[in-house]
Amino acid sequence: MAKKIYISTDLEGCSGVTSWPETHYGEKGYDLAVAEMTRETIAAIKACQAAGYEVTVKDGHEDGMNLDPATLPRGIELIRGWDSSPAEMMAGIDDSYDFAIHIGYHSPAGSSETPLDHTVEHGWYSWVKLNGELASEYSFNYLCAADCGVPSIFLSGDAGMCKRAELISPGIVTFATKKGVGSATWNKHPEDVYDGIKKGIKRALLKPAKLGPLPESYTVEFCFASAGRARAAAFYPGAEAVDERIVRYQTDSIQDLLVAKMFMTEI
């Protein structure tokens with residue numbers, strides 16, 4: 001049976017990316033940012049292929065069509081766009097994969113560890129919490145992989161996200177591409193980042209993190225920036241309005257959690 005790795009990619013955690021215009025198609029700095037996203041993804045792919053793994057890559061930023069397919073190594077499968085499922089940035093993952101890897105990930109909405117802090121959609125929330133802790137996109141994506149029996153073994157992104165991933169997934173190997181201070185970022189040289197990603201994945205594959213015990217239940221809270229969005233989310237079956245901006249949902253099922261997030265956030 002083939003050995004397989006799933007790579008989920010994002011942009012805001014890549015080296016050099018600092019401002020919101022850089023994250024949006026057609027705006028200042030976007031072309032440079034997606035070129036860096038592509039090169040960091042290439043480094044991850046090469047490390048996985050060198051270890052004998054087949055690779056699937058999910059472009060997980062904005063419209064899901066940022067990576068330049070022609071520049072990626074041959075032999076991979078690239079998922080572009082959105083498949084309209086609760087898996088979102090983990091679309092297509094299943095129990096045929098051995099491991100999951102996360103590239104270009106960023107700290108969550110409500111944190112001070114990056115000027116690009118957000119969870120799911122910038123501007124919609126002041127914060128999202130899962131079981132009482134600030135929730136990043138990784139908080140949900142590692143659960144999506146774990147629900148398929150797939151451990152997350154490596155993550156690259158800003159330093160704050162790396163620390164948070166280590167708390168969520170003991171044993172995961174991380175590599176910090178930069179750190180955020182106020183509205184600025186302190187960035188590692190791109191070539192050092194590529195080397196760090198390759199070495200980190202090699203180390204992660206030598207002693208892969210195992211799936212630890214998962215919570216018995218999940219409580220997600222969305223603090224919406226808009227009272228109107230909060231009111232709409234509160235109509236989701238099982239959701240409750242905590243106040244005019246905060247909506248809570250509780251479940252024992254990861255799949256139910258991801259479905260609720262999909263519909264409550266309209267993503």
Side-chain angles (χ1 to χ4, degrees), residues 6 8 10-12 20 23-24 58-65 79-95 100 102 105-111 116-150 152 161 164-165 167-169 211 213-267:
Y6 187 101
S8 175
D10 205 355
L11 177 66
E12 289 90 352
W20 288 113
T23 71
H24 300 307
K58 173 67 183 86
D59 187 327
H61 177 68
E62 288 269 320
D63 60 3
M65 294 183 285
I79 301 174
R80 306 185 81 215
W82 299 105
D83 76 339
S84 304
S85 82
E88 298 178 353
M89 293 174 71
M90 305 298 290
I93 197 166
D94 58 34
D95 61 6
H102 309 262
Y105 272 50
H106 53 83
S107 293
S111 70
L116 300 173
D117 66 297
H118 69 285
T119 302
V120 184
E121 188 69 27
H122 170 57
W124 279 32
Y125 320 101
S126 298
W127 48 258
V128 179
K129 290 184 179 180
L130 184 60
N131 289 353
E133 300 292 335
L134 285 180
S136 64
E137 289 159 16
Y138 177 74
S139 302
F140 297 100
N141 293 346
Y142 103 94
L143 284 175
C144 183
D147 202 36
C148 297
V150 181
S152 293
M161 184 63 252
R164 291 174 183 274
L167 291 174
I168 293 170
S169 312
L211 282 176
L214 296 172
E216 293 183 0
S217 63
Y218 303 92
T219 299
V220 63
E221 294 175 293
F222 298 97
C223 181
F224 287 86
S226 160
R229 290 197 187 279
R231 174 175 165 77
F235 281 99
Y236 183 79
E240 60 172 323
V242 177
D243 60 27
E244 291 182 344
R245 299 297 175 99
I246 300 174
V247 183
R248 178 186 297 141
Y249 178 79
Q250 295 176 290
T251 180
D252 298 335
S253 161
I254 291 174
Q255 187 62 20
D256 287 350
L257 171 70
L258 297 177
V259 170
K261 179 172 74 73
M262 176 183 180
F263 284 98
M264 290 172 69
T265 62
E266 303 177 32
I267 302 297

SG/C144 to OH/Y6 distance, rounded to the nearest 0.5 angstrom?
7.5 Å
Test side chain to side chain contact (heavy atoms under 4.5 Å, CB included) applied to H118 and H106, step by step:
CA-CA 8 Å; H118 69 285; H106 53 83; 3.1 Å; yes
Pairs where residues 230-244 contributes a residue and the test side chain to side chain donor-acceptor pair (under 3.5 Å) is met, not counting sequence neighbours:
E240-R248
The side chain to side chain contact (heavy atoms under 4.5 Å, CB included) partner of I246 among Y125, F222, W127 is W127
Donor-acceptor contact present, side-chain D95 to main-chain C148, <3.5 Å
no
For S139, give me all partners under side chain to side chain donor-acceptor pair (under 3.5 Å), at least two apart in sequence or on another chain.
S136
On a heavy-atom basis, the closest approach of Y218 and L214 is OH-CB, 3.7 Å
Heavy-atom distance under 4.5 Å between the side chains of L211 and Y142, does that happen here?
no
Pair up each side-chain donor or acceptor in residues 252-259 with any protein partner under 3.5 Å, not counting sequence neighbours, and list the distances.
| from | atom 1 | to | atom 2 | distance (Å) |
| --- | --- | --- | --- | --- |
| S253 | OG | Q255 | N | 3.2 |
| S253 | OG | D256 | N | 3.1 |

Are W82 and M89 close enough that some pair of their side-chain heavy atoms sits under 4.5 Å apart?
yes
Of all residues at least two apart in sequence or in a different chain, which pass the salt bridge (charged side-chain N to carboxylate O under 4.0 Å, His left out) check with R245?
none
Could you tell me the separation between the SG atom of C223 and the NZ atom of K129, rounded to the nearest 0.5 Å?
8.5 Å
Given side chains that start at C-beta, do those of M90 and H102 come closer than 4.5 Å, heavy atoms only?
yes
Donor-acceptor check, side chain of T119 to backbone of P108, threshold 3.5 angstrom: yes or no?
no
Please identify each residue that fulfils side chain to side chain donor-acceptor pair (under 3.5 Å) with Y138, with sequence neighbours left out.
S169
M264 and Y249 have their tightest heavy-atom pair at SD-CB, 4.0 Å
Contacts of type side-chain contact (heavy atoms from CB on, under 4.5 Å), residue D63, not counting sequence neighbours
M65, N66
For E133, check side chain to side chain donor-acceptor pair (under 3.5 Å) against everything at least two apart and list the hits.
none
The test is side chain to side chain contact (heavy atoms under 4.5 Å, CB included); show your working for L134 and R164 and say whether it passes.
CA-CA 9 Å; L134 285 180; R164 291 174 183 274; 3.9 Å; yes
Can you tell if the side chain of V128 reaches within under 4.5 Å of the side chain of V120, non-hydrogen atoms only?
no
Between OG1 on residue T219 and CG on residue L130, distance to nearest 0.5 Å
8.0 Å
Determine, step by step, whether T265 and E121 satisfy the side chain to side chain contact (heavy atoms under 4.5 Å, CB included) criterion, reporting the C-alpha distance in whole Å, the side-chain angles of both residues, the deciding distance to 0.1 Å, and the verdict.
CA-CA 9 Å; T265 62; E121 188 69 27; over 6 Å; no
Under the rule for side chain to side chain donor-acceptor pair (under 3.5 Å), what residues qualify as partners of E62, not counting sequence neighbours?
H24
For a quick test of reading the model, state the closest non-hydrogen atom pair linking G60 to D10 and the distance between them.
O-OD1, 3.9 Å
Is the closest side-chain heavy-atom distance between V220 and K261 below 4.5 Å?
no
Tell me the closest heavy-atom pair linking K58 and G64, and the distance in Å.
NZ-CA, 4.3 Å
Between A135 and F140 the two heavy atoms that sit nearest each other are CB-CE1, 3.9 Å
OG/S107 to CD/E137 distance, rounded to the nearest 0.5 angstrom?
11.0 Å
